[in-house]
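Values below: all heavy atoms of this structure, side chains included; hydrogens, waters and symmetry mates excluded. A note on names: the letters A, B, ... follow the listed sequences, proteins ahead of strands, and every chain is numbered from 1.
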Protein chains: 2
Amino acid sequence: MRKQSVSTIRDVARAANVSTATVSHVFNDTRPVSEATRQAVLDAARRLNYRPSAIARSLTTRRTYTVGVVVADVLNPFFAGIIRGVEDLLWQQGRSLVVCSTDEQPEKEAYYLHLLLERRVDGVLVAPTGADLPVYAELQHHHIPAVFIDRRPPQPWGPTVETDNVRAGYAATRYLLDRGHTRIAILGRHQALSTVTGRFAGYRQALAEADITPDPSLAVTVDSHQEAALQGTLALLARRDPPTALIAANHVMTLGVVAAMRELGRQCPRELSFIAFDDLPWLALVAPPLTAVRHATAEICRCAVDLLMAAMNGQSTERNGTANYPIVTLPAELIERASCAHLDKAC
Amino acid sequence: MRKQSVSTIRDVARAANVSTATVSHVFNDTRPVSEATRQAVLDAARRLNYRPSAIARSLTTRRTYTVGVVVADVLNPFFAGIIRGVEDLLWQQGRSLVVCSTDEQPEKEAYYLHLLLERRVDGVLVAPTGADLPVYAELQHHHIPAVFIDRRPPQPWGPTVETDNVRAGYAATRYLLDRGHTRIAILGRHQALSTVTGRFAGYRQALAEADITPDPSLAVTVDSHQEAALQGTLALLARRDPPTALIAANHVMTLGVVAAMRELGRQCPRELSFIAFDDLPWLALVAPPLTAVRHATAEICRCAVDLLMAAMNGQSTERNGTANYPIVTLPAELIERASCAHLDKAC
DNA sequence: CTGTTAGCGCGTTCAG
DNA sequence: CTGAACGCGCTAACAG
C-alpha cells in the first residue's frame, strides 16, 4: 500500500465525474441530487476514505460547531457535572466542547479565552474568576457570545445563569435556626466571588430576620484548600464559645470540616450540626448522612445552553446599543439528612 | 460605533502599509522584520483588534493544535483526573482539548471519533469502550495518532497506557490473605474491559498462589450502577457463608458496597474487611477510613501525552508495515487504612 | 438537476 | 529585509 494522502472533495468529484459542488451538496443534503449521481458520489467517497474537513468548512461558513467551556477546575465535581450536562445538550447539535480549567487564576482565564477566540468557537460558557479581563470586550468585538455560569462577571458582558446563592444561604441558616441554633458559623473560601458573597449574605439575612446579632467571627473565610478549611474549622471549634452549627459553603470546605471533626473526634450532629453546600453521593453514605444544598445542575446547563444558542443563532451580541443581559437565578434544594439536630432550649 | 466587522490579516497589512506576508511573519516570528515595520504592524493590529484565525492557519499548516479526549464519563472522578492531568500537560504547548463522554456506548465512541476526525485534531486519547470500531482504521488512514488510556483497544490500533490491573488485583487480594482472610469476594462491573478482567485475574492468581480453591460465586459482576452494586453486595452478605473480605473493583462499586453496609448496619472492618479501587479524598474521612488502590494518574497522563506527542511529531502512524505499539503498564498503590482487619485464626 | 468560479483568512514559496 | 501570488478544502452564488 503506497503512501496515500488524505483525499479532498476534489478527489471525490473527479472520481465520481461530478463537480465539487455536487459532492458538497450530497454530503450536506443542501440541494436535490439525482439518486444516480448521489450513489456515485457516496461510492467514490467510500473508496477514497473521504471525510469532509471541518476546518475548510468553518473557513467559509464562519461556524466551528464548537463551544468553549471555561471552569475553575474539571476535577471539582460541581464543574464536572456542568461539563457533562452541557456536553449532552451540545452533543445533539453536533457541537463539540473544549474544556479549560482556570484554577481561579485570572491569567489562565484570559489565556484560555484568547485561545478560544483565535479558534473562533461559536460561543463560550464561562465560570469567571472574577477579574475584569479585557478579553471579554474582544470576544464581544468578534461576535463570540459568552454566557456566564455559576458566578457573575465583574461587568455585564453577557447573560448569567447561577444558583440562587442568597436564598440557598438563607434556607440553610433558617433550617438551623428553626432547630434552635443561634450560634451558627459559616465557612467559605476567601474570595470575592458572587457565590461566596451571596451565600454569606443569605446567612446574615436569616440571622437578622431572627433578631440575632450576628457574630462576625463566626463567618470565616479561608483559602480554597481542604487543609485551610480543616484549620479554619479547628479554630472555630477550639473557641470558648464554639458554634453549635456550621455551614460549609462549598465542597472543599465540606471535606475540611469532615476532616476536622474526625481529627477532634467530635460527633455530628450531637456536638455540631452541619450543612454542606454541593451534594455528592457519598454524603448520603457516611454516618451520619450529611444534610446538603444541591444545585440544580441540569437546569443550569439547560438554561445556559439555551441562552448561548439564542445568542449564537440570533443576530449580533450587541443588539441595540448596550444590551441588557438577563441574570437567571435558579433555586437550590436543601436535602435533609441526619447531620442537623434540634438544640435543647436550655442551651 | 458602527458595525465593524472582524478584521483579517489583510486589513492589518493595509493599515500598516505592508504585505500580508510581513504581518504573518511578525506574528509568528518566522523571519526577521525591521523593528520599525514590526511596530507598525503591531500597532495596526492593536487598533483593528486583530486576532489571527486559527482556522485559516490550520487549513494551510494542517495542524489544529487540538487533541480529542474520549472517556467513559467526565463525571467519573478517575476520568476527570485524567482530563485535568492531560489538560495541564497540553496547556503548556498551546494545545486545547475537546472532551467526549461515551457512557460506555460503542456508538457514541464511534460518533465522537468521527467528529474528531472531521475536525482534524492532531491526535486522540481514548479510553475505548472495547468494541472494535472501523473508525480506528479511518483515523490511521488520516494520520491521526491515537493513544489508548486505561483500557486496551480490541486490536492494537495504537500504544496503550494502563494501570497494572493484574498486579493491583493481586496486591489487594494478597493484602487480605496476609490478614488471614480466605473467603474473599470481588465485585466488578459486568463488562469485558481489560480493567475488569485484569483485576479479577490478579485476584484469582493471588488465591491460587495461596492454595485456596477459588469460589466462583465470590467473584461477582453487576451492571455499572450504584444500585446494582448495592444489590450485589446485599446478595453476597446474605449468603449462609458470606465472605469476610470484599474488594470493590471501581468507584461505583465502592459506593454500592458502602450503601449496602449502611443498609445492613454492618460494621467495617469488624464484620467485613474492605478494599476500594480508585482513591478519593472522602475515603480517608469516613469511619473507618477505607483502604484503597490508587491509580498513578499523573504518570498515566504524562506517559500518554508523551506517546501522543511522539506520534504527532514523528513521521506517520504506520512506520514500516505493521507498527508494534507498546503497552505501558503503570503500578498502582495500595493505600493502607483501617477498613481491613486481621481475621482470627479460629474462624 | 448540475457545473463554474470566487472567495473564506492565512502560510509560504519565489523574486526582488 | 520585503512583496506578489498561489493554494489549503470547502461553500455559496450564479449560470445553465
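- At D:dC10, none of the side-chain N or O atoms of A:S24 fall inside 4.0 Å of OP1 or OP2 (strictly under the cut-off).
- Here A:R62 reaches the OP1 or OP2 of C:dG9: one of its side-chain N or O atoms lies under 4.0 Å away.
- In this structure, the side chains of A:I300 and A:D150 stay at 4.5 Å or more apart for every pair of heavy atoms.
- Rounded to whole Å, the distance from CD on A:Q39 to P on C:dT2 is 13 Å.
- Residue A:R10 places no side-chain atom within donor-acceptor reach of the base of D:dG7, judged by atom type and a 3.5 Å distance cut-off alone.
- Summarising the geometry, the separation between CZ on B:R14 and P on C:dG9 is reported as 11 Å, rounded to the nearest angstrom.
- For B:T22, a side-chain nitrogen or oxygen approaches OP1 or OP2 of D:dG3 to under 4.0 Å.
- Going from atom CZ of A:R63 over to atom C1' of C:dC8 covers 16 Å, rounded to whole Å.
- Distances were taken from every side-chain heavy atom of B:T37 (C-beta onward) to each of D:dT2, D:dC14, D:dG9; the shortest belongs to D:dT2.
- Among the atoms of the strands shown, none is found under 4.0 Å from any heavy atom of A:F27.
- Looking at heavy-atom distances under 4.0 Å, A:V18 makes contact with sugar-phosphate atoms alone, never a base.
- Set against C:dC1, C:dC10, D:dC10, the side chain of B:I9 has C:dC10 as its closest nucleotide.
- Rounded to the nearest 0.5 angstrom, B:S58 OG and A:R119 CZ are separated by 7.5 Å.
- Of the two residues contacting DNA chain C, namely B:L59 and B:T30, the nearest-nucleotide position lying further toward the 5' end is that of B:L59.
- When heavy atoms are screened at a 4.0 angstrom cut-off, A:S58 is found touching no nucleic acid atom at all.
- Side-chain N/O atoms of B:R57 and base N/O atoms of D:dG7 include no donor-acceptor pair closer than 3.5 Å.
- Side chain of A:P52, nearest nucleotide from C:dG3, C:dC10, D:dC10: D:dC10.
- When A:R95, A:R63, A:R62 are each tested for a salt bridge (Lys or Arg N to Asp or Glu O under 4.0 Å) with A:D122, only one passes: A:R95.
- We find that CD1 of A:I55 is positioned 10 Å from C1' of D:dC8, with the value rounded to whole Å.
- In this structure, of C:dG3, D:dG3, D:dC8, it is D:dG3 that holds the atom nearest to the side chain of B:S19.
- Under the 4.5 Å side-chain criterion, counting only non-hydrogen atoms from C-beta, A:V71 is not in contact with A:C100.
- Using a 4.0 Å heavy-atom cutoff across all strands shown, B:N17 reaches sugar-phosphate atoms only and no base atom.
- Regarding B:D11, its CG atom lies at a distance of 10 Å from the C1' atom of C:dG9, rounded to whole Å.
- Picking from C:dC8, D:dA12, D:dC10 the nucleotide with the shortest atom distance to the side chain of A:A21 gives D:dA12.
- Atom NE2 in A:H25 sits roughly 11 Å away from atom P in C:dG3 (whole-Å rounding).
- Between B:T60 and the phosphate of C:dC10, there is no side-chain N or O to OP1/OP2 separation shorter than 4.0 Å.
- Checked against the 6.0 Å centroid criterion, the rings of B:W91 and A:Y111 qualify as a close aromatic pair.
- Comment: A:R151 does not engage A:E162 in a salt bridge, judged by the lack of any side-chain N to carboxylate O separation of less than 4.0 angstrom.
- Looking at heavy-atom distances under 4.0 Å, B:V23 makes no contact with the nucleic acid at all.
- Within 4.0 Å (heavy atoms only), A:R31 reaches at least one base atom of the nucleic acid.
- Computed from coordinates, the A:R51 CZ to D:dC8 P distance equals 22 Å when rounded to whole Å.
- With D:dC1, C:dG11, D:dT11 as the candidates, the nucleotide lying closest to the side chain of B:T20 is C:dG11.
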